[in-house]
Amino acid sequence: MEITFYKYQGTGNDFIMIDNRQETFAKNDSRLIEKLCDRRFGIGADGLILLENDAETDFKMVYYNSDGNQSSMCGNGGRCLVAFAKQLGVIENTTTFTATDGLHHATISDDGIVSLQMKDVDNVNIEEDYVFLDTGSPHHVQLVDDLKNYPIKEKGAEIRYGKLYGQAGSNVNFVHQNDTDTFSVRTYERGVEDETLSCGTGVTAVAIAMKATGKTDSNEIKLNVEGGKLEVSFKEISGKYMDVFLKGPAAFVFEGSIGV
Ligand SMILES: N[C@@H](CCC[C@H](N)C(=O)O)C(=O)O
(Lines give C-alpha, C1' and ligand atoms only; values in the text may rest on other atoms or scores of the structure.)
Protein backbone atom coordinates (compact mmCIF):
# COMPACT_ATOMS: atom_id res chain seq x y z
CA MET A 1 0.00 0.00 0.00
CA GLU A 2 1.21 3.53 -0.84
CA ILE A 3 0.74 6.52 1.47
CA THR A 4 0.79 10.01 -0.06
CA PHE A 5 2.44 12.52 2.25
CA TYR A 6 3.50 16.17 2.38
CA LYS A 7 6.47 17.37 4.40
CA TYR A 8 6.34 20.78 6.16
CA GLN A 9 8.55 22.65 8.60
CA GLY A 10 7.98 25.56 10.96
CA THR A 11 11.27 27.10 12.13
CA GLY A 12 12.87 23.67 11.68
CA ASN A 13 10.26 21.68 13.65
CA ASP A 14 9.31 19.24 10.88
CA PHE A 15 6.16 17.25 10.23
CA ILE A 16 4.68 14.67 7.90
CA MET A 17 1.21 15.84 6.83
CA ILE A 18 -1.42 13.39 5.66
CA ASP A 19 -4.81 14.30 4.20
CA ASN A 20 -7.07 11.88 6.07
CA ARG A 21 -10.42 13.33 5.01
CA GLN A 22 -11.30 9.95 3.47
CA GLU A 23 -10.30 8.18 6.74
CA THR A 24 -7.92 5.76 5.01
CA PHE A 25 -4.94 6.18 7.36
CA ALA A 26 -4.29 3.50 10.02
CA LYS A 27 -4.44 5.95 12.92
CA ASN A 28 -3.90 3.39 15.68
CA ASP A 29 -0.77 1.90 14.10
CA SER A 30 1.86 3.57 16.30
CA ARG A 31 4.66 1.41 14.85
CA LEU A 32 3.83 2.64 11.35
CA ILE A 33 3.80 6.29 12.51
CA GLU A 34 7.13 5.83 14.32
CA LYS A 35 8.63 4.27 11.17
CA LEU A 36 7.34 7.06 8.89
CA CYS A 37 8.96 9.62 11.26
CA ASP A 38 12.25 7.69 11.45
CA ARG A 39 15.06 9.71 9.82
CA ARG A 40 16.87 6.58 8.56
CA PHE A 41 14.15 4.04 7.79
CA GLY A 42 11.31 6.43 6.91
CA ILE A 43 10.54 9.95 5.70
CA GLY A 44 11.92 11.61 8.83
CA ALA A 45 10.11 14.13 11.05
CA ASP A 46 9.54 15.31 14.62
CA GLY A 47 5.87 14.39 14.29
CA LEU A 48 3.02 13.32 12.01
CA ILE A 49 -0.25 15.22 11.60
CA LEU A 50 -3.54 14.12 10.08
CA LEU A 51 -5.90 16.67 8.54
CA GLU A 52 -9.44 15.34 9.02
CA ASN A 53 -12.97 16.58 8.44
CA ASP A 54 -14.71 18.28 11.35
CA ALA A 55 -18.45 18.96 11.62
CA GLU A 56 -18.08 22.33 13.38
CA THR A 57 -14.89 23.88 11.96
CA ASP A 58 -12.78 23.92 8.78
CA PHE A 59 -10.81 20.78 9.73
CA LYS A 60 -9.51 18.72 12.63
CA MET A 61 -5.85 18.32 13.66
CA VAL A 62 -4.69 14.93 14.95
CA TYR A 63 -1.09 15.06 16.19
CA TYR A 64 1.43 12.26 16.84
CA ASN A 65 4.97 12.63 18.20
CA SER A 66 7.78 10.83 16.34
CA ASP A 67 7.57 8.00 18.91
CA GLY A 68 4.27 7.07 17.24
CA ASN A 69 2.01 8.15 20.11
CA GLN A 70 -0.84 10.63 19.80
CA SER A 71 -0.12 13.64 21.98
CA SER A 72 -1.27 17.06 23.11
CA MET A 73 -1.16 20.33 21.13
CA CYS A 74 1.71 21.15 18.80
CA GLY A 75 2.02 24.87 18.05
CA ASN A 76 4.41 24.65 15.13
CA GLY A 77 2.49 21.66 13.79
CA GLY A 78 -0.73 23.68 14.00
CA ARG A 79 0.89 26.51 12.04
CA CYS A 80 2.14 24.06 9.40
CA LEU A 81 -1.28 22.39 9.18
CA VAL A 82 -2.85 25.77 8.36
CA ALA A 83 -0.38 26.10 5.46
CA PHE A 84 -1.19 22.53 4.37
CA ALA A 85 -4.96 23.21 4.53
CA LYS A 86 -4.35 26.22 2.28
CA GLN A 87 -2.30 24.10 -0.17
CA LEU A 88 -5.16 21.55 -0.31
CA GLY A 89 -7.71 24.33 -0.95
CA VAL A 90 -9.57 23.54 2.30
CA ILE A 91 -9.17 27.17 3.47
CA GLU A 92 -8.06 30.53 2.07
CA ASN A 93 -6.33 32.99 4.42
CA THR A 94 -8.28 32.64 7.65
CA THR A 95 -9.49 29.57 9.48
CA THR A 96 -10.90 28.06 12.63
CA PHE A 97 -9.96 24.44 13.30
CA THR A 98 -10.30 21.87 16.06
CA ALA A 99 -7.39 20.33 17.96
CA THR A 100 -7.03 18.29 21.11
CA ASP A 101 -7.03 21.43 23.31
CA GLY A 102 -10.04 23.07 21.64
CA LEU A 103 -10.68 25.58 18.85
CA HIS A 104 -7.87 27.52 17.17
CA HIS A 105 -8.26 30.62 15.01
CA ALA A 106 -5.46 31.36 12.55
CA THR A 107 -4.47 33.51 9.60
CA ILE A 108 -1.89 32.87 6.89
CA SER A 109 -0.30 35.59 4.77
CA ASP A 110 0.63 35.12 1.10
CA ASP A 111 4.29 34.69 2.11
CA GLY A 112 3.51 31.84 4.52
CA ILE A 113 3.57 33.59 7.88
CA VAL A 114 1.02 31.90 10.12
CA SER A 115 -0.45 33.54 13.21
CA LEU A 116 -2.12 30.92 15.38
CA GLN A 117 -4.26 31.58 18.43
CA MET A 118 -3.23 29.35 21.31
CA LYS A 119 -5.36 28.38 24.29
CA ASP A 120 -5.78 30.79 27.21
CA VAL A 121 -3.48 30.10 30.15
CA ASP A 122 -4.96 30.39 33.65
CA ASN A 123 -2.30 28.71 35.77
CA VAL A 124 1.39 29.59 35.86
CA ASN A 125 3.33 27.70 38.55
CA ILE A 126 6.28 29.83 39.56
CA GLU A 127 8.94 27.97 41.55
CA GLU A 128 12.35 29.18 42.75
CA ASP A 129 14.35 28.16 39.69
CA TYR A 130 11.76 27.15 37.10
CA VAL A 131 8.21 27.80 35.88
CA PHE A 132 5.66 25.18 34.81
CA LEU A 133 2.63 25.87 32.64
CA ASP A 134 0.39 24.23 30.05
CA THR A 135 0.03 26.03 26.73
CA GLY A 136 -1.75 23.09 25.08
CA SER A 137 1.19 20.87 26.03
CA PRO A 138 3.03 20.82 29.38
CA HIS A 139 6.19 22.94 29.61
CA HIS A 140 8.99 23.34 32.15
CA VAL A 141 10.80 26.68 31.63
CA GLN A 142 14.22 27.37 33.13
CA LEU A 143 16.78 30.15 32.62
CA VAL A 144 20.34 28.84 32.22
CA ASP A 145 23.84 30.26 31.82
CA ASP A 146 25.65 29.53 28.55
CA LEU A 147 22.60 28.29 26.59
CA LYS A 148 24.78 27.76 23.50
CA ASN A 149 26.83 25.01 25.17
CA TYR A 150 24.14 23.69 27.51
CA PRO A 151 23.66 19.86 27.34
CA ILE A 152 19.98 20.07 26.32
CA LYS A 153 19.38 16.36 25.70
CA GLU A 154 21.02 15.19 28.92
CA LYS A 155 19.52 17.84 31.24
CA GLY A 156 16.17 17.83 29.43
CA ALA A 157 15.80 14.06 29.83
CA GLU A 158 16.70 14.31 33.55
CA ILE A 159 13.85 16.79 34.13
CA ARG A 160 11.38 15.10 31.74
CA TYR A 161 11.82 11.71 33.46
CA GLY A 162 12.48 13.14 36.95
CA LYS A 163 10.16 13.13 39.97
CA LEU A 164 8.63 16.55 39.19
CA TYR A 165 6.46 15.36 36.31
CA GLY A 166 5.82 11.66 36.93
CA GLN A 167 4.62 9.29 34.23
CA ALA A 168 3.23 11.98 31.90
CA GLY A 169 6.51 13.92 31.79
CA SER A 170 6.95 17.41 30.40
CA ASN A 171 8.65 19.24 27.57
CA VAL A 172 11.64 21.20 28.87
CA ASN A 173 12.70 24.67 27.68
CA PHE A 174 16.07 26.21 28.50
CA VAL A 175 16.19 29.97 28.13
CA HIS A 176 18.60 32.90 27.84
CA GLN A 177 17.43 36.54 27.98
CA ASN A 178 18.95 38.61 25.14
CA ASP A 179 17.12 41.88 25.56
CA THR A 180 14.11 43.43 27.34
CA ASP A 181 11.69 41.55 25.05
CA THR A 182 13.86 38.94 23.32
CA PHE A 183 14.80 35.44 24.50
CA SER A 184 16.71 32.51 23.02
CA VAL A 185 15.14 29.11 23.64
CA ARG A 186 16.28 25.51 23.20
CA THR A 187 13.71 22.77 23.84
CA TYR A 188 13.85 19.09 24.77
CA GLU A 189 10.63 17.58 23.43
CA ARG A 190 8.70 14.80 25.10
CA GLY A 191 7.78 12.13 22.52
CA VAL A 192 10.76 13.03 20.34
CA GLU A 193 13.03 12.48 23.36
CA ASP A 194 15.61 14.88 22.01
CA GLU A 195 16.17 18.54 21.28
CA THR A 196 14.14 19.85 18.34
CA LEU A 197 15.01 22.99 16.38
CA SER A 198 11.88 24.77 17.62
CA CYS A 199 8.77 24.17 19.74
CA GLY A 200 5.71 26.39 19.31
CA THR A 201 3.90 25.57 22.57
CA GLY A 202 7.36 25.80 24.18
CA VAL A 203 8.13 29.37 23.10
CA THR A 204 4.57 30.34 24.01
CA ALA A 205 5.23 28.97 27.51
CA VAL A 206 8.56 30.82 27.69
CA ALA A 207 6.98 34.15 26.69
CA ILE A 208 4.24 33.84 29.33
CA ALA A 209 6.69 32.59 31.98
CA MET A 210 9.07 35.51 31.35
CA LYS A 211 6.18 37.98 31.72
CA ALA A 212 4.81 36.22 34.81
CA THR A 213 8.20 36.32 36.55
CA GLY A 214 8.87 39.98 35.66
CA LYS A 215 11.77 39.28 33.29
CA THR A 216 9.93 41.35 30.70
CA ASP A 217 7.20 43.99 30.74
CA SER A 218 6.31 43.38 27.12
CA ASN A 219 3.21 41.61 25.80
CA GLU A 220 4.89 41.06 22.43
CA ILE A 221 7.89 38.83 22.81
CA LYS A 222 10.51 37.72 20.29
CA LEU A 223 11.88 34.21 20.56
CA ASN A 224 15.04 33.03 18.83
CA VAL A 225 15.09 29.26 18.37
CA GLU A 226 17.68 27.04 16.70
CA GLY A 227 15.57 26.93 13.49
CA GLY A 228 14.61 30.61 13.21
CA LYS A 229 12.52 33.32 14.82
CA LEU A 230 9.02 33.33 16.33
CA GLU A 231 6.83 35.93 18.03
CA VAL A 232 4.32 35.48 20.84
CA SER A 233 1.79 38.11 21.90
CA PHE A 234 -0.93 38.04 24.57
CA LYS A 235 -3.15 40.05 26.89
CA GLU A 236 -2.67 39.61 30.63
CA ILE A 237 -5.44 40.31 33.12
CA SER A 238 -4.88 39.44 36.80
CA GLY A 239 -2.47 36.62 36.06
CA LYS A 240 -4.61 35.11 33.26
CA TYR A 241 -3.25 35.12 29.74
CA MET A 242 -5.64 35.42 26.80
CA ASP A 243 -5.60 36.27 23.10
CA VAL A 244 -2.34 34.37 22.96
CA PHE A 245 -0.89 34.29 19.42
CA LEU A 246 2.12 32.36 18.08
CA LYS A 247 3.44 33.81 14.83
CA GLY A 248 6.11 32.70 12.36
CA PRO A 249 6.89 30.97 9.07
CA ALA A 250 5.45 27.62 7.98
CA ALA A 251 6.90 26.12 4.79
CA PHE A 252 6.17 23.24 2.44
CA VAL A 253 9.33 21.16 1.89
CA PHE A 254 8.43 18.25 -0.45
CA GLU A 255 5.76 15.67 -1.19
CA GLY A 256 5.86 12.03 -2.12
CA SER A 257 4.48 8.58 -1.59
CA ILE A 258 5.91 5.76 0.47
CA GLY A 259 5.16 2.03 0.34
CA VAL A 260 4.16 0.49 3.67
N1 LIG B 1 6.65 20.64 18.73
C2 LIG B 1 5.45 20.95 19.35
C3 LIG B 1 5.11 20.28 20.65
C4 LIG B 1 4.61 18.87 20.39
C5 LIG B 1 4.03 18.17 21.59
C6 LIG B 1 5.08 17.71 22.55
N7 LIG B 1 6.17 16.99 22.00
C8 LIG B 1 4.36 16.87 23.62
O9 LIG B 1 4.09 15.68 23.42
O10 LIG B 1 4.03 17.46 24.66
C11 LIG B 1 5.11 22.42 19.31
O12 LIG B 1 5.54 23.09 18.36
O13 LIG B 1 4.35 22.89 20.15
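Index from 1, following the sequence. When reading the values below, keep in mind they use all heavy atoms of this one structure, side chains included, and skip hydrogens, waters and symmetry mates. Remember, it's 1-based here, ligands and their atoms both numbered in the order they're listed.
Residues satisfying the side chain to side chain donor-acceptor pair (under 3.5 Å) criterion with Tyr188, sequence neighbours excluded, are Glu193.
Side-chain contact annotation: Asn219 with Lys235, donor-acceptor N/O pair under 3.5 Å absent. Side-chain polar atoms of Tyr241 and Asp243 form no donor-acceptor pair below 3.5 angstrom.
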### Message
Show, in sequence, the C-alpha distance, side-chain angles and deciding distance for Asp19 and Leu88, and conclude whether the side chain to side chain contact (heavy atoms under 4.5 Å, CB included) test is met.
### Response
CA-CA 9 Å; Asp19 177 0; Leu88 291 178; 3.9 Å; yes

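At a heavy-atom cutoff of 4.0 Å, ligand 1 is surrounded by Asn13, Tyr63, Asn65, Ser71, Ser72, Met73, Cys74, Gly75, Asn76, Ser137, Asn171, Glu189, Arg190, Cys199, Gly200, Thr201.
Ring geometry, Tyr130 versus Tyr165: the interplanar angle exceeds 60°, so the pair is classed perpendicular (tilted spans 30 to 60°).
Of the charged side-chain nitrogens involved, at least one lies within less than 4.0 Å of a carboxylate oxygen, so that Arg39 and Asp46 count as a salt-bridged pair.
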